[in-house]
Amino acid sequence: MSDALKGLCNPASLDIFSTWYALGGSQSPPSLLELSQLPAWLLVDIRYIYSVIGEERDKAKEREKHKKAVKSSIEKHKRRSRR
């Protein structure tokens, strides 16, 4: 089983989520009635998928923050060495 599927109750959840997202996803969220009709395993998996997305987004922000800090440090060093 691929790493992307390890935390899922049902691997089909990833296909369901991908299709839902491609068709507008959170721009047109399901109603409370629709949510109440989803199987519990799918709800658990959707929460899991969103948590993974959030973690990856946080990691990307940290990498970007680190890149900016390194770039800033290099530019400061260059300015000092020109003096």
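All figures in this text were calculated on a predicted structure; none of them were measured in a lab.
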(request) Using the salt bridge (charged side-chain N to carboxylate O under 4.0 Å, His left out) rule, collect all pairs that involve residues 39-57, keeping only residues at least two apart or in two chains. (result) E56-K59

(message) Hydrophobic cluster membership, with links at side-chain heavy-atom distances under 4.5 Å among I/L/V/M/F/W/Y: are W41 and V44 in one?
(response) no

(request) Would you give the length of the straight line joining atom CG of L38 to atom CG of L33, rounded to the nearest 0.5 angstrom? (result) 10.0 Å

(request) May I ask you to check whether over 12 heavy atoms, not counting those of Y50, lie within 6.0 Å of atom OH? (result) yes

(message) Using side-chain heavy atoms (C-beta onward) and a distance below 4.5 Å, is E75 in contact with K78?
(response) no

(message) I'd like to check the side chain to side chain contact (heavy atoms under 4.5 Å, CB included) partners of P29; sequence neighbours left out, ordered by chain and number.
(response) none

(request) Determine which pairs satisfy side chain to side chain donor-acceptor pair (under 3.5 Å) with at least one residue from residues 27-37, sequence neighbours left out, and list them in order. (result) S31-E34

(request) Write down the atom of S13, the atom of I49, and the distance for their closest heavy-atom approach. (result) O-CD1, 4.1 Å

(request) Could you work out the complete set of other residues in the hydrophobic cluster of I74, with links drawn between I, L, V, M, F, W and Y side chains under 4.5 Å apart? (result) V70

(request) Could I get the full list of side chain to side chain contact (heavy atoms under 4.5 Å, CB included) partners for L23, not counting sequence neighbours? (result) T19

(request) Go through the structure and list residues passing ring-ring contact (aromatic ring centres under 6.0 Å, His included) with W20, not counting sequence neighbours. (result) F17

(request) Look only at the side chain of S18 and the backbone of L14, and say whether a donor-acceptor pair between them is shorter than 3.5 Å. (result) yes

